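Note that the coordinates shown come from a computational prediction; the quantities given were computed from them, not determined experimentally. Note that these values count all heavy atoms, side chains included, but never hydrogens, waters or copies made by symmetry. All chains are named by letter (A, B, ...) in the order of the sequence lines, taking the proteins before the strands, and each is independently numbered beginning at 1.
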Amino acid sequence: MESLKKNADFKNCYQNGKSYVNRHLVMYVCGNGKDGNRFGISVSKKVGNSVVRHRTTRLIREAVRLHETEFLPGHDIVFVARVRAKEIGYFRMENALLHLIKKAGIRK
RNA sequence: UAAGCAGGGCGGGUGAUCGCGGUCCGGAGCAUUCCGGACUGAGGAAAGUCCGGGCUUCACAGGGCAGGAUGCCGGAUAACGUCCGGUGGAGGUGACUCCCAGGCCAGUGCAACAGAAAUAUACCGCCAGCGGCGCACGCAGGUGUGCCGCGGGUAAGGGUGAAAAGGCAGUGUAAGAGACUACCGUCUUCAUGGUAACAUGGAGAGCCAUGUAAACCCCAUCCGAAGCAAGACCGAAACGAGGACCAUGGGCUUGCCCGGCCCGUUCUCAGGUGGGUCGCUGGAGGCUGUCGGUAACGGCAGUCCAAGAUAGAUGAUCAUCCAAGACAGAACCCGGCUUACAGCCCUGCUUAUUUU
RNA sequence: GCGAUAGUAGUACAGUUGGUAGUACGCCACCUUGCCAAGGUGGAGGUCGCGAGUUCGAGCCUCGUCUAUCGCU
């Protein structure tokens with residue numbers, strides 16, 4: 001999967017995209033005018049120490065990887081972990097993610 | 001067996017499926033990239049960033065001042081505020097542990113409250129002398145005693161305080177006082193042992209004097225600055241400089257021509273942005289043996305190569321075993337310190353109890 | 001990666017040569033008023049972020065540690 005790298009890409013998504021929220025995640029979506037999707041993951045220092053943040057990032061990335069084909073193409077999507085996200089395992093993270101993309105209407 | 005002390009080690013394992021970073025090999029491809037295979041992929045603290053060094057760039061004739069750091073002695077080391085071994089002090093029955101442990105007779109500052117007095121004094125007290133008044137004895141001179149006053153001698157005793165001009169016992173005295181004596185302490189000096197810190201012993205000084213230097217300061221030693229986002233190299237586009245080209249194509253200067261300027265095409269150069277490559281992991285390296293050293297550590301020989309990401313790679317699911325998995329994620333590299341940490345194992349030693 | 005600053009009452013802040021921790025607002029009680037506000041009087045409230053050390057004695061000095069905020073690249 002292709003990832004968002006530049007700070008400007010994230011800023012663009014925050015300002016021009018639409019946001020969807022649930023208990024564990026925040027998702028920002030905006031169009032990018034390309035064939036595929038690009039994903040960004042953001043976990044702030046408030047969530048925990050380095051080990052906790054890395055684990056949270058990996059859970060989100062794994063969930064995105066396994067469900068990448070279910071996304072409608074042509075979007076930049078940023079996932080932001082909320083503080084409660086550090087307490088959950090993979091399956092609840094997966095459910096949270098699927099819930100959000102269904103809510104946003106970008107699931108096939 | 002119980003309690004404890006010191007040192008060292010480990011820090012979940014195995015398998016299956018899907019997935020990620022790196023190196024090498026093979027194939028496709030030849031700017032890039034894709035496919036397959038093999039190997040490999042976080043720590044004891046990777047952490048805090050508290051010290052020290054390597055490396056890189058900049059600065060620099062030499063010296064001093066300022067500023068900072070360290071501080072018993074000897075050794076180890078590339079270096080250190082680290083480590084090792086001693087000395088002194090403190091704690092523990094003990095194994096053993098802990099200590100920023102130089103200098104307030106170079107100078108300056110501070111010591112609230114209480115207390116008479118805080119670095120110098122005399123409040124109460126003690127003591128004799130002189131003067132006055134009273135009482136007792138006495139014929140009287142006078143003697144004894146009490147109170148008051150005067151100028152003196154004292155620092156034993158009193159209470160305050162964290163701390164009151166060595167302690168304690170005796171001699172001595174009007175009362176006292178290192179005034180004198182013994183012991184202990186302090187200081188000076190000599191001898192012996194030790195590389196030294198220092199220890200032990202002898203002799204002397206009657207003892208001019210508190211604490212605080214994690215107060216200023218003094219003394220000795222050390223220190224140029226910044227950091228891999230350091231730095232080196234390659235270099236799109238756009239901008240800039242110079243040259244060449246022109247069917248003289250367009251515009252401006254103009255009534256027109258010449259001339260000049262800008263745009264155009266192309267070449268060279270400079271700076272070095274987006275980006276890329278290097279720095280980047282073979283090193284004060286690990287392990288084993290041996291030799292020197294009490295040890296820290298060092299010498300020699302053999303053997304091994306063990307992450308290198310660049311918005312940042314180790315994950316997910318399932319099965320299974322057990323003691324049910326704590327603290328926690330490399331970002332140029334090393335040596336330390338400090339802090340966090342579920343639990344497990346090994347070695348040596350101490351104390352107590354019991355048995356032989 | 002490299003640094004800097006701060007932490008004191010519920011809140012915002014003082015606190016100098018180290019010597020009994022204070023100010024304002026807020027809080028509580030009383031007075032005033034028919035009632036409320038304003039005003040007046042009195043009172044409570046602090047492990048000085050935490051742990052060691054130096055000192056006779058630390059909010060203050062030293063070391064370690066935690067949290068928050070900010071800066072440079």
A:L59 atom CG is separated from B:rG19 atom P, nearest whole Å, by 18 Å
Checking base pairs now: Watson-Crick or wobble, both atom distances under 3.5 Å. What partners [N]?
N       : result
B:rG19  : none
B:rU254 : none
B:rA28  : B:rU33
B:rA177 : none
B:rC126 : B:rG153
B:rA59  : none

RNA chain B: A:V52 or A:E62, which has the more 5' nearest nucleotide?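 Per heavy-atom nearest nucleotide, the more 5' residue is A:E62.
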Closest-nucleotide ordering on RNA chain B, the 5'-leading residue of A:L66 and A:Y90: A:L66
Could you list all N or O pairs between the protein and nucleotides 65-69 of chain C that sit under 3.5 Å apart?
none

Can you tell me if A:D76 uses its side chain to pair, donor with acceptor, with the backbone of A:G31 under 3.5 Å?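 Between the backbone of A:G31 and the side chain of A:D76 there is no qualifying donor-acceptor contact (under 3.5 Å).
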Determine yes or no for a side-chain-to-main-chain donor-acceptor pair under 3.5 angstrom, with A:H99 supplying the side chain and A:N95 the backbone. no
Take N1-N3 plus N6-O4 or O6-N4 for Watson-Crick, N1-O2 plus O6-N3 for G-U, both under 3.5 Å. Which runs of 3 or more such pairs involve RNA chain C? C:1-7 with C:66-72, C:10-13 with C:22-25, C:27-31 with C:39-43, C:49-53 with C:61-65
As a test of reading the structure: which of B:rU317, B:rC18, B:rG312 is closest to the side chain of A:R65, going by heavy atoms?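 So the nucleotide nearest the side chain must be B:rC18.
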N/O-N/O pairs, protein side and nucleotides 40-48 of chain B side, under 3.5 Å:
none

Taking all non-hydrogen atoms of both residues into account, name the closest pair between [X] and [Y] and its distance.
X     : Y      : value
A:N22 : A:L100 : ND2-CG, 3.8 Å
A:R92 : A:H24  : NH2-NE2, 3.8 Å
A:A63 : A:E94  : CB-CA, 4.4 Å

Parallel, tilted or perpendicular: which fits the ring planes of A:F39 and A:F79, with parallel below 30° and perpendicular above 60°?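 The arrangement is parallel - the two ring planes meet at less than 30°.
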Tell me whether A:V21 is reachable from A:V83 by hopping between hydrophobic residues (I, L, V, M, F, W, Y) whose side-chain heavy atoms are closer than 4.5 Å. no
When the [atom1] atoms of [M] and [N] are compared, how many Å lie between them, rounded to an integer?
N       : M       : atom1 : result
B:rA31  : B:rC261 : C1'   : 42 Å
B:rU70  : B:rU82  : P     : 10 Å
B:rG315 : B:rU97  : P     : 41 Å

The reported gap from OH in A:Y90 to CZ in A:R58 (rounded to nearest 0.5 angstrom) is 15.5 Å
A:L97 side, atom CG; A:L25 side, atom CG - distance, nearest 0.5 Å: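 If I round to the nearest 0.5 Å, the distance is 6.5 Å.
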